[in-house]
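Structure first, commentary second.
Here the structure is a predicted model, which means the values were calculated and not measured. The first residue of the sequence shown is numbered 1, and numbering continues consecutively from there.
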Amino acid sequence: MQLHVQKWGNSLGTHIPVALSPKIGLREGTPVANTMQQSYKLKASPLSEKYLLELKFPGNGDNIADADRLRQALETQIGCPVSIPLELLREIPEKLRQNDWKVTVTIGYYWPPGWGLERLVAELVEVGPGSDRLGPFGLAVDLGSTTVGGYLWDLGSGKLLAADGVTNAQTRLGEDILTRIHYAATPQGLAELQQLASMSINRIIDLVTKQANIVPQDITVGVISGNTTMVHLLLGLPTANICRNPYVPVVNAPGFFPAVMIGLDLHPRALVYLLPSVGSYVGGDILAGILASGMHRQKEVSLLADIGTNGEMVLGNREWLVVAAGAAGPALEGGVVACGMRAEPGAVCQVRIDADTGKVTYRTIGDVPACGICGSGLVDAIAQALLAGIINQRGELREPLTSLVVVPAEESATGQPIELTAVDIQRLLRTKAAVNAIITTLLESVGCTFADLKYFYAAGAFGDHLDIESAITLGLYPDLPRENIVRLGNSSGTGASLVLTDINKAQELEEIARRVTYLEMNNSLQFMAHFTAGLFFPHTDLDLFPTVKARLKH
């Protein structure tokens, strides 16, 4: 019998042409990579592959060891060293002979942190019968501080099989990152947070594998994208120094870990790749967003914004990338206003106000009686109130009003009015001003202005649901041509999926990490000056928002 090697499945492309949403999987949306020419070191391969090996029988004059015979055949095909774990060494002799020297092997690729693909190694994950043609399967995870999203891929065919999202179980110990950092100050607290993080991912694994009719142990590789603190908590690493000057994490490029080591219910020998970060406040989720947008390969200058519990902004093009982060998002998630709530059934998510009559109409998630208002509804309500003259540019209610009633008491599920007070509106204004200040400071740091921006990418779940016109009206988004404002959806999950399904994208993401310059905002005098200038809707300089200026005149 002559040596024969065959790869199961089709070759995967390097482009996922749609945005991802953890609740509905793939949806029609915006392309997440452009078509600019690139040079790659390797063929487009996922992080786990299957190969059918038909090995030559050993005999007189051919006494190559069983594992060496298998390894040599595989290395000839894939072009990189193959590592074989001890437990598989024990199984290989019997499996080769049971299957008449025709077996299907599953491999997972990895490389040492900081080395990149020039030190690529393939680790043998499984040896099975030659008829095993399913998969391999991989899991991409967006480990968010509020929501965890998961995407199950058939890496042989390149198809997304299932996607889902769950609330991060860590929220029971603290809604915000800082609270969790303090909770992790003791060994017991850190261990509890680590278990809750792995429990959340395991819940996702259970959901998506049931949807795809496979078992968790069929998943042979994972990729996890998250902010720096979330990755530290998942790995059980101390987080105290992340929030203390000079803001130094334990590690920025954690690399690969066995799934069992971090408590994940995958294949016993599955490896999990943790996307690298840049620093304490710029994590792998932001790098994943850059990768998903393609802004790092464009000639034009673009801005990417992910406004959630924190606000992260990236400015740049194919020659340079500058990033900054700050506490901008809690009010936008409904977590600060009195009637605020998450984007769940019963949350007011859309508001319209008739400028002539002042009549308020609204819509709730699930079209059920209103329980509160989420971020998109909050932005909508205040933008509509500004255009209707109910509030002025300073965020002050027109006398004699003391609040903006969105849902009257008789229509709400609570029996109480859902309203925005003067304090609520000022909190939103300060959040908006922080976003403005980060953007303007970034632009100034590289000698650019708003006029130099070509594209604006809205990342994250909040950006995916926010009404673009309302965001521009308040000054949260720059006043660009609307076709140049792109919703990325869950760009963290999209970026993780790109890396999972194309090893070259992993190299590309690590190159992005090396290129990014982090701009510190904590002690920036320019930031504070721009923050003050941003304490008006949409801004003190209305010429920066010409379409809003024209609407306010009416």
Side-chain angles (χ1 to χ4, degrees), residues 146 175 307-309 328-435 458 460-477 535-538 548 551-552 554:
T146 302
E175 291 280 346
I307 305 172
T309 304
L332 297 176
E333 294 188 333
V336 176
V337 298
C339 292
M341 63 179 293
R342 292 178 188 165
E344 299 171 342
V348 174
C349 59
Q350 186 181 78
V351 177
R352 294 293 180 265
I353 301 177
D354 188 300
D356 296 324
T357 65
K359 179 178 174 57
V360 178
T361 56
Y362 61 89
R363 187 171 67 84
T364 65
I365 297 175
D367 295 320
V368 296
C371 304
I373 188 166
C374 64
S376 60
L378 174 65
V379 171
D380 252 8
I382 296 179
Q384 290 285 304
L386 176 68
L387 295 175
I390 296 172
I391 64 171
N392 60 26
Q393 287 182 251
R394 292 187 294 274
E396 298 166 340
L397 285 159
R398 183 183 65 203
E399 294 184 353
L401 296 176
T402 58
S403 69
L404 170 60
V405 177
V406 178
V407 181
E410 60 271 19
E411 295 179 14
S412 77
T414 64
Q416 300 294 321
I418 296 172
E419 57 186 353
L420 301 178
T421 66
V423 172
D424 293 334
I425 296 169
Q426 288 301 311
R427 284 173 175 162
L428 185 281
L429 179 58
R430 293 179 67 83
T431 295
K432 192 281 304 183
V435 172
F462 177 73
D464 200 35
H465 295 95
L466 188 61
D467 182 87
I468 290 175
E469 289 300 330
S470 292
I472 294 172
T473 298
L474 295 188
L476 279 168
Y477 289 0
L535 289 172
F536 290 79
F537 292 128
V548 183
R551 295 176 74 187
L552 289 174
H554 298 86

Any side-chain heavy atom of [X] within less than 4.5 Å of one from [Y]?
X: L535; Y: R394; value: no
X: F537; Y: T473; value: no
X: R342; Y: E175; value: yes
X: Q384; Y: I390; value: no
X: C371; Y: M341; value: yes
X: T361; Y: I353; value: no
X: I382; Y: L420; value: yes
X: P538; Y: L552; value: yes

Show the numbers, then the answer: is there a side chain to side chain contact (heavy atoms under 4.5 Å, CB included) between L429 and L474? CA-CA 8 Å; L429 179 58; L474 295 188; over 6 Å; no

What do the steps show when you test R352 against D467 for salt bridge (Lys or Arg N to Asp or Glu O under 4.0 Å), and what is the final call? CA-CA 11 Å; R352 294 293 180 265; D467 182 87; 3.6 Å; yes

R551 and V548: side chain to side chain contact (heavy atoms under 4.5 Å, CB included), yes or no, with the steps? CA-CA 5 Å; R551 295 176 74 187; V548 183; 5.5 Å; no

Please give me the minimum heavy-atom distance between [X] and [Y], naming the atom from each residue.
X: A385; Y: L404; answer: CB-CD2, 3.9 Å
X: D354; Y: T357; answer: OD1-N, 3.0 Å
X: I418; Y: G372; answer: CD1-N, 3.4 Å
X: A381; Y: V406; answer: CB-CG2, 4.3 Å
X: I365; Y: C374; answer: CD1-SG, 4.4 Å
X: P369; Y: E411; answer: CB-O, 4.3 Å

Could you tell me whether the side chains of E469 and Y477 share a donor-acceptor contact shorter than 3.5 Å? no

Tell me, with the steps shown, if S376 and Q350 meet side chain to side chain contact (heavy atoms under 4.5 Å, CB included). CA-CA 7 Å; S376 60; Q350 186 181 78; over 6 Å; no

Keeping [X] on the side-chain end and [Y] on the backbone end, is there a donor-acceptor pair under 3.5 Å?
X: K432; Y: F536; result: yes
X: E410; Y: G415; result: no
X: D424; Y: T421; result: yes

Rounded to the nearest 0.5 Å, what separation is found between the CD atom of E419 and the SG atom of C339?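 Reported to 0.5 Å precision, the distance equals 6.0 Å.
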
Please round to the nearest 0.5 Å and tell me the distance separating atom CG of N392 and atom CG of L386.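 Here the rounded value is 8.5 Å.
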
